[in-house]
Each structure stands twice: as structure tokens, then as C-alpha cells.
Amino acid sequence: MAETAPDDVNSAFTPRVFSGIQPSGHLHLGNYLGALKRFAETQNRGVQSIYCMVDLHAITVWQEPADLRHATRELAAGFIASGLDPARSILFNQSQVPEHAQLAWLFNCVARMGWMGRMTQWKDKAGKNAENASLGLFAYPALMAADILVYHATHVPVGEDQKQHLELTRDIAAKFNHDYGVDFFPITEPVIEGAATRVMSLRDGSKKMSKSDPSDMSRINMTDDAETIAKKIRKAKTDPEPLPMDLDGLEGRPEARNLVNIYAALADCTPEDVIRDHGGQQFGTFKPSLADLAVAKLAPISSEMQQLMQDPAEIDRILGSGAERAREIAAPILERTFEIMGMVRG
Ligand code: AMP
Ligand code: TRP
């Protein structure tokens, strides 16, 4: 896999951020802290930012059409409610920008079967029944590379779980540049930072919080009401010890560490700060503070999401106009890629 690129490799490219989230299932606290909240912070620093509801990725496993449509709009509402401004950032759904799928085909011819076969997400999702998995699920990372590189994006904020896919994106860019003797695609930098790049399940500190977990008690959904959020935190699995007096004391206590990290990410402070203020407390005291904080931060987002969902036509309009702006960037990059590869353009 690619080594970290020296900075000068990307100096020819304008800094541009791209990230995507699948519109499948409901948004949860892991998506918010690991992705949405950080996206809004990036936008507010003034970097050009492009955010995509990756519906083509979602259908690599079966999606009920009505559910997909609903989830795409709900995700768009989640982006906006989390602080993404569709006038400043570009927000759109992937299938409305055909350049993604077109570049993905070209990358299918650059990426190697062996690279794809090593992806842990493929192995986890296809499981023992790989013969029956969709071809799209196998090719998923090439489409992801296309999402990023069709904009010449230089930085991709994601959660820890996407690191391997981003390494593959770098490998595809490097192989393309090498094979065609160009410096055309940037070697994208993953941006994986903060206390909550891996929010864990509330029921099992060794598993990440995920929309596919069968237990709804394992995650806080962005659409949960205040009472449900408080109940889930109260019932979160913990050990009987009080919070330690220093960070080292979280060693071997994944559930306690997770709650401390969640607190830090929600409060915009570090885990050290949380331990300084709450070290020595029993969970009977810490959990209600965490619940209050979570409700205070999430309730306004959830109510704005609900309000935005009252007007699906407006959401569709936002996604449509985002797609037009996205195409203005993507189309010339795809065109140039075709030319580099030797396709005749009339
Ligand atoms: P997904 O919902 O799998 O499409 O993920 C969307 C974004 O949320 C990606 O950037 C993921 O890395 C991030 N993400 C998903 N689950 C978690 C989690 N448990 N902790 C932190 N980030 C997460
Ligand atoms: N694979 C990512 C996930 O499951 C979603 C995704 C698709 C993505 N394309 C992307 C993330 C491009 C970052 C950049 O979370």
C-alpha cells in the first residue's frame, strides 16, 4: 500500500475536500461525530467542500427503493441540520453526477483483483457467502476512488473504518499516474482526527457503532428523542469501577473509554479534559451528565431534520442544484482522463 506522499506531490492541486456517506439506514452518533460535525467545521474554515450522499454505493447491497429515497433525503437533512450550508458547500447525491460511475469504470481497469480482495469491509460484508455478493460490492472501493478523484480532491475526512479504502484510492491514483506517465491525479490525504473517529457500540466496547447492528440500544440515532437518548446512555454497558483519575486508567476499559471519548467530542474538548473534570465519578453520576450534554447537542439537530423533512421538494431542489455545480468540476476532469487513456473524443 502507498506510503504517505511528500507534500509536494499535491502542491499542484487546489486544496479541496470531498467526503461521502451512504443513504442506508438512519444516521447515528458515530456518523455525526466521526463525519458530519467535522465536515461542518471544515466548511467553516473556508476550504472548498463537496459532500455526497453515495446512493450508488448503497445499492451494492439490497435497498428497498422507497427506503433509499427516504434515506437520501433524510441524510441531506442531516447534513444541513449539522451545519452544512448548501450555498457554501456542494451537497448532492452521487447518481445525479454520472461522471462518478464513468470514472469508476476506468478505475475498475486500473485496480487489481488482489487489492479489492484484501479489503476488510469486503470480507466482512460478503462474509462466507462471497459467491452470492454483488459484483458492485467487490468493486465498491474503485467507485469510492472515483468519487474522490473526479474532483481532484486533496483531503478526505472520514472515520477510522475508511482508512483502508483511502489507501486504495491513493494506490489507484499512483498506478494511473505511473502507467500513463502523468501527474494527473492527486495522492489524497485521509483526515482522520479528533476524539471520535471510532465511536463504539453502547452495548459492546469492542464493536463500532453501526447502522447495521441489530440492537437499536447499541447506537444513538440522530432522530432519537431526548428521552430515548437518555435511556440509551443510562443503559449503556459499563464496568463497576468509577472513572479513573488519569487517561492511562482507561486501559482495558473500552466501554468507559468510549463514553469519555463521546463526551469529549460532543463538548469540543479532549478526553484529558473530561477526566480532569469527571475523574473519580461513578457512572451513576457521569452518565446523566453525558445524557444532558448529548440531548443539548443533538436535539436541535434532530428537530431541524424533522422540519426539513416536511418539504422533500426543497431537499430535492438542493440536491439537484448541488449536482449541477458538482458536474462543472467533474466533467472536465473526466474528459481529460479519457484523453490521457487514448479514447477518441469528437
Ligand atoms: P457510513 O454510514 O458507513 O457510510 O459512514 C459514513 C461516515 O461516518 C464515514 O466517514 C464513516 O467513517 C463515519 N462513521 C461511521 N460509523 C462510525 C463510527 N462508529 N465512529 C466514527 N465514525 C463513523
Ligand atoms: N465508503 C464510505 C463509507 O461507507 C462512503 C464513501 C463513498 C466515501 N465514497 C466516499 C467516503 C468518498 C469518503 C470519500 O463510509
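Excluded from the calculations below are hydrogen atoms, water molecules and symmetry mates; all remaining heavy atoms, backbone and side chain alike, are included. Counting starts at 1 for both ligands and their atoms, following the listed order. In this chain, residues are counted from 1 in sequence order. Given the structure is predicted, the values throughout are model-derived calculations rather than measurements.
- Backbone and side-chain nitrogen or oxygen atoms of Met209 are examined, and one is located within less than 3.5 angstrom of a nitrogen or oxygen of ligand 1.
- Aromatic pair Phe13/Phe184: centroids not less than 6.0 angstrom apart.
- For ligand 1, the atoms sitting less than 4.0 Å from at least one non-hydrogen atom of Ala196 are 21 (C), numbered in the order shown with element in parentheses.
- The protein heavy atom nearest to atom 11 (C) of ligand 1 is Asp161 OD1, 3.5 Å.
- Among Val54, Val158, Val199, the residue whose heavy atom lies nearest to atom 19 (N) of ligand 1 is Val199.
- For the atom pair CE of Met119 and CG of Asp124, the computed distance is 12.0 Å after rounding to the nearest 0.5 Å.
- Protein heavy atom nearest atom 14 (N) of ligand 1, with residue, atom name and distance: Asn31 ND2, 3.8 Å.
- Donor-acceptor pairing under 3.5 Å is recorded for the side chains of Asp55 and Asn93.
- Other residues, nucleotides and ligands place more than 12 heavy atoms under 6.0 Å from the CG atom of Asp179.
- What sits closest to atom 23 (C) of ligand 1 on the protein, heavy atoms only, is Gly30 O, 3.5 Å.
- In this structure, His278 has its ring center under 6.0 Å from that of Tyr263.
- Here Trp122 and Tyr140 keep their ring centres 6.0 angstrom or further from each other.
- For the residue pair Pro254 and Gly205, the shortest heavy atom distance occurs at CB-O, 3.6 Å.
- Looking at Tyr51 and Ile90, their side chains never come closer than 4.5 Å, going by heavy atoms from C-beta outward.
- The Arg198 neighbourhood of ligand 1 comprises atoms 20 (N), 21 (C), with distances under 4.0 Å to a heavy atom of that residue.
- Looking at atom 16 (N) of ligand 1, its nearest protein heavy atom turns out to be His28 CE1, 3.6 Å.
- Annotation: His100 is not in aromatic contact with Phe107 [ring centroid separation under 6.0 Å not met].
- Considering CG of Leu84 and CG of Asn44, their distance stands at 8.5 Å, rounded to 0.5 Å.
- Each of the following atoms of ligand 1 lies closer than 4.0 Å to a heavy atom of Gln162: 12 (O).
- Nearest to atom 21 (C) of ligand 1 among the protein's heavy atoms is Thr197 O, 3.2 Å.
- Nearest protein neighbour of atom 10 (O) of ligand 1, counting heavy atoms only, is Gly159 N, 3.3 Å.
- Distances from atom 7 (C) of ligand 1 to the heavy atoms of Ala35, Ser212, Ala58 show the closest one on Ala35.
- Other residues, nucleotides and ligands place more than 12 heavy atoms under 6.0 Å from the CE atom of Met343.
- Asp213 has no carboxylate O lying under 4.0 Å from a charged side-chain N of Arg203, or vice versa, which leaves the two without a salt bridge.
- With respect to the salt-bridge test (charged N to carboxylate O, under 4.0 angstrom), the residues Asp161 and Lys208 qualify.
- The proximity of Leu33 to ligand 1, defined as any non-hydrogen pair under 4.0 Å, does not occur for either the backbone or the side chain.
- Of all protein heavy atoms, the one lying nearest to atom 2 (O) of ligand 1 is Lys211 NZ, 2.7 Å.
- The parts of Gln22 lying near ligand 1 are both backbone and side chain, judged by heavy-atom distances below 4.0 Å.
- If you look at Ser210 next to ligand 1, there are no close heavy atoms at all, none under 4.0 Å.
- In Gln307, the CD atom is not crowded: 12 or fewer heavy atoms of neighbouring residues, nucleotides or ligands sit closer than 6.0 Å.
- Protein residues with a heavy atom under 4.0 Å from ligand 2 are Phe18, Ser19, Gly20, Gln22, Val54, His57, Tyr140, Met144, Asp147, Ile148, Val156, Val158, Gln162.
- Close approach of ligand 1 to Gly34 is summarised as follows: ligand atoms under 4.0 Å from at least one heavy atom of the residue are 21 (C), 22 (N).
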